[in-house]
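First the structure, in the form of structure tokens, and then the observations on it.
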Amino acid sequence: MLCLVAGLQRPKVAGKYSRCTLEGRGEQSIAERGAEGQDVGLKIMREIGIGLAGFGTVGAGVFLNLEKNRALLRERTGCDLVVRKVAVREVGKKRAAALPSGLVTGQWRDLLEDPRIEVVVELMGGIEQPLALILLAIERGKIVVTGNKALLAEHGAEIFQRAAEQKVPVFYEAAVAGGIPIIKAVREAFVANHFQRIRGIINGTSNYILTRMSESGLDFAAALAEAQEAGYAEADPALDVNGWDAGHKAVILASLAYGFWVPSQDVLVEGIERIAPEDIRFAAQLGYTLKLLAFIDAGADGAVEVSVQPALVPNANILASVRGVFNAIAVRGDVVGDALFYGRGAGQDPTASSVLGDLADAALALQSPRASYGFIPHTLYGKLRPASEVVSPFYLRLGVDDKPGVLARIAGLLGEAGIGISSVIQPETEAGAKAALVLMIHDAPRGKMLAALQKIRALDCVHDEPALYRVEAES
Ligand code: HSE
């Protein structure tokens, strides 16, 4: 759709194009210059019609920030991004952000039927309806922008297959790490790199909770309540704390980095719900900080590890200093070397910033079609390394009887499995009482470590649930 704005050969022309002259400062200033009789030339502004599905925290953020920076976006993209319809679940609901009633519909299908809508922005949440909306939008040649990480992690293969068939771009920057442009970096800036490793703190809520627990001594429930109040947590915070919000993001990043859709059901995902304050304290004594970390690595054999786990990060590693709701992603490529991305991984405005970036990309794609449809499949990788074969150091805390021979029995079982201990801490207790025994374990395959732990748990001198965490080796 074309719209002529304020490109004025002569002052009298201003009236003719005023219906397209929206509220942006850029146009006003041009119009003013035109009104003064200057010959500013004819400027053609393309309107891009947007259909917004979902008006929750992020949807409202997109709408408000689009209004706020409309003139800037016009200048930068040469297009006017115009929201034509907003599909919501409850039409009559009272909302924090005012939404012109003429735009609202209770039917997401209306976005598909409206020929003025060229880009569908899916921010509904959930799986079934967003999937149907996206597939139908692709079928009708409408560009898709989505922030739905669970949907992409589960159905990315199908969505991008259809997108490639129909030659329709699908953009999804907001799906990973909120305002950090990591998708664009991995897909475009680092296109010439083999990704050797990616480490990420990619769930702001869990990082916020862990930060509050370690710095202010809050318990898990109090820290989670704070995170929810601040609007960081998902509607169902279970996904934040059980690791799956980060798990979905890790699947998307790994799939993009290695060119095949990683099956999410085979990815090891552990959450932070069971992290005990004492593990945070022991980690600190040993010079580490506990973080929920995504591990994405390709080995020399081409197999790819993808996991999300609480891990002890050496304090000298820059990821250990990422506090609060911030996210950080450390990328190592064989050409670029190390690169670090840091920023707000959650919240209305940072996430809206990524959606708006995608909308600008959509505007550019509409002006000059591109070969990429958002995901670049290739065949150089293609195998997920089973979690049991991943080798790493570990932290192990056991509750044990404090009596002679206990350490020897535990060390014996580890030794039999070929697993070495690098250090031991046992805080002093009264003789005969129960004690915490903390072992730092040298590199070991996870499968072997778990098998040895099973035998250790069966010892009569070992009590309570053990805590086993991976240790990030690089500082
Ligand atoms: N709730 C997520 C987080 C943001 O805390 O990082 C959206 O993925």
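Side chains are part of it too, since the values below use all heavy atoms of this structure and drop only hydrogens, waters and symmetry mates. Indexing begins at 1, ligand by ligand and atom by atom, following the structure's order.
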Less than 4.0 Å between a side-chain N and a carboxylate O, is that true for [Y] and [X]?
| X | Y | result |
| --- | --- | --- |
| K85 | D114 | yes |
| R385 | D297 | no |
| R46 | E118 | yes |

| remark: G345 heavy atoms within 4.0 Å reach ligand 1 at atoms 4 (C), 6 (O)
| Contacting atoms of ligand 1, where contact means under 4.0 angstrom from a heavy atom of K149 | 7 (C), 8 (O)
| task | With rounding to the nearest 0.5 Å, note down the distance linking CD in E47 to CG in L366. | result | 13.0 Å
Closest protein heavy atom to [atom], given as residue, atom name and distance to 0.1 Å:
| atom | result |
| --- | --- |
| atom 7 (C) of ligand 1 | E234 OE2, 3.1 Å |
| atom 6 (O) of ligand 1 | G204 N, 2.6 Å |
| atom 5 (O) of ligand 1 | T205 OG1, 2.5 Å |

| Which is closest to atom 3 (C) of ligand 1 by heavy-atom distance: N203, V176, N148, I202? | N203
| Relative to ligand 1, is D245 under 4.0 angstrom through side chain, backbone, both or neither, heavy atoms considered? | side chain
| field | Under-4.0 Å heavy-atom contact with ligand 1, by part of D240 that carries it | value | side chain
| ring-ring contact (aromatic ring centres under 6.0 Å, His included) partner of F160, the single match among F260, F171, Y373, Y172 | Y172
| request: Walk me through it: do N315 and T289 pass the test side chain to side chain donor-acceptor pair (under 3.5 Å)? | output: CA-CA 6 Å; N315 286 338; T289 303; 2.6 Å; yes
| request: Test side-chain contact (heavy atoms from CB on, under 4.5 Å) on E113 and Q107 and set out the steps. | output: CA-CA 10 Å; E113 304 308 332; Q107 303 294 327; over 6 Å; no
| task | Decide whether the shortest distance between a heavy atom of G178 and an atom of ligand 1 is less than 4.0 Å. | result | no
